[in-house]
Amino acid sequence: MRTVRIFIASILLLCGSLPAAAWGPNGHRIVGQIAENHLTDAARKGISDLVGRASLAQISTWADEIKSDPAWRHASPWHYVNAPPGQAIEKAHKSPSGDVVEAIQRFERVLRDRGSGRKERVDALRFLVHFVGDIHQPLHAGYASDRGGNDIRVRWFGESTNLHTVWDEHLVEHQRLSFTEWVRFFGHAEPGEIEAWRRSDVLDWARESRSMLPAVYDYGSSRSERTPYLGYAYIFKHADGVRLRLLQAGIRLSGMLNDIFASP
Ligand code: ADE
Ligand code: ZN
Ligand code: ZN
């Protein structure tokens, strides 16, 4: 009995220390569903030629699912881009193993190139849907020194977690909405916003994420324990920011796909 308890405790501890991957599944599905709702007919057709009836929400989580496959280990650095505080992201984003800025640009090229193989284009689409979500999560354009907040231990209400997971998951999940409900409630943008948000490039998206970091690391009203306490005050402070980033990610993803699959 004791060994069983120790075994379970070790597993829980191990899980708690694994670095978080990206927006949680629902964050990525939200981005995929918003994009899906803003696709042109030509893009819809181009996408279904590649992934059949699967929706963008469905394929959005594949890039996290393959993380446990050793064959895809080299893809782990593609989910984020780090730079030291004060350093511009474009200086840092030249890591030889790739980063999220480089990966988005690369997979966009693969998808545009009708000469690339079918399997390669299917993977490119699945990666693109995921990474456009990731780059809008502020801590995915973070600091290597704390691995994008994965090393910052915090308490989320009573639960021990880390700052990165608060942003990937807790701030999205605390509303207890399904991804379809979330999109129905918050997944709408004005034509002016759509036009303005799409008029930007991948580096702009990373720069915007970085500009959010001072507020992300400001636990302002937390109590003065050693482990910062994040709860309602932190939710209140960031609710609009989380909504904006998920909405911008979905709108920009649809813009990119509409462009890629526009009829020649
Ligand atoms: N690992 C190292 N840096 C990271 C980041 N910014 N986001 C996610 N995982 C990371
Ligand atoms: Zn990711
Ligand atoms: Zn993450």
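Just so you know, ligand 1 is whichever comes first in the structure, and atom 1 is the first atom listed for that ligand.
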message = Could you go through Trp205 and Phe131, starting from their C-alpha distance and side-chain angles, then the distance that decides it, and tell me whether this counts as ring-ring contact (aromatic ring centres under 6.0 Å, His included)?
response = CA-CA 11 Å; Trp205 310 343; Phe131 292 150; over 10 Å; no
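Taking the side chain as every heavy atom from C-beta outward, Ser97 and His74 never approach each other to under 4.5 Å.
The atoms of ligand 1 that sit less than 4.0 Å from any heavy atom of Asn150 are 8 (C), 9 (N), 10 (C). Remark: ligand 1 atoms within the under-4.0 Å shell around heavy atoms of Asn82 are 2 (C), 3 (N), 4 (C), 5 (C), 6 (N).
Taking backbone and side-chain atoms together, Asp64 has no N/O/S atom less than 2.8 Å away from the Zn ion (ligand 2). Residue contacts to the Zn ion (ligand 2): His79 brings an N, O or S atom closer than 2.8 Å. Within the coordination shell of the Zn ion (ligand 2), defined by N, O or S atoms under 2.8 Å, His130 is present.
By the salt bridge (Lys or Arg N to Asp or Glu O under 4.0 Å) test, Arg73 is found to be paired with no residue, residues two or more places apart in sequence or in another chain being considered. Every residue was checked against the salt bridge (Lys or Arg N to Asp or Glu O under 4.0 Å) condition with Asp113, not counting sequence neighbours, and none meets it.
At a 3.5 angstrom cut-off on N or O pairs, His140 does not count as close to ligand 1. The shortest N or O to N or O distance between Leu139 and ligand 1 is below 3.5 Å.
Across Val172, Asp168, Val129, Asp134, a single residue satisfies side-chain contact (heavy atoms from CB on, under 4.5 Å) together with His28, and that is Asp134.
Contacts with ligand 1 closer than 4.0 Å are made by side-chain heavy atoms of His164 only, the backbone lying farther away.
Between Asp151 and His164, the side chains place no donor N or O within less than 3.5 Å of an acceptor N or O (distance only, hydrogens not considered).
Vertex the Zn ion (ligand 3), arms ending at NE2 of His140 and OD1 of Asp168: the angle is 100° after rounding to 10 degrees.
Looking at Asp134 and the Zn ion (ligand 2) together, the shortest N, O or S contact belongs to OD2.
Remark: aromatic rings of Tyr219 and Tyr229 are distant, center separation not under 6.0 Å.
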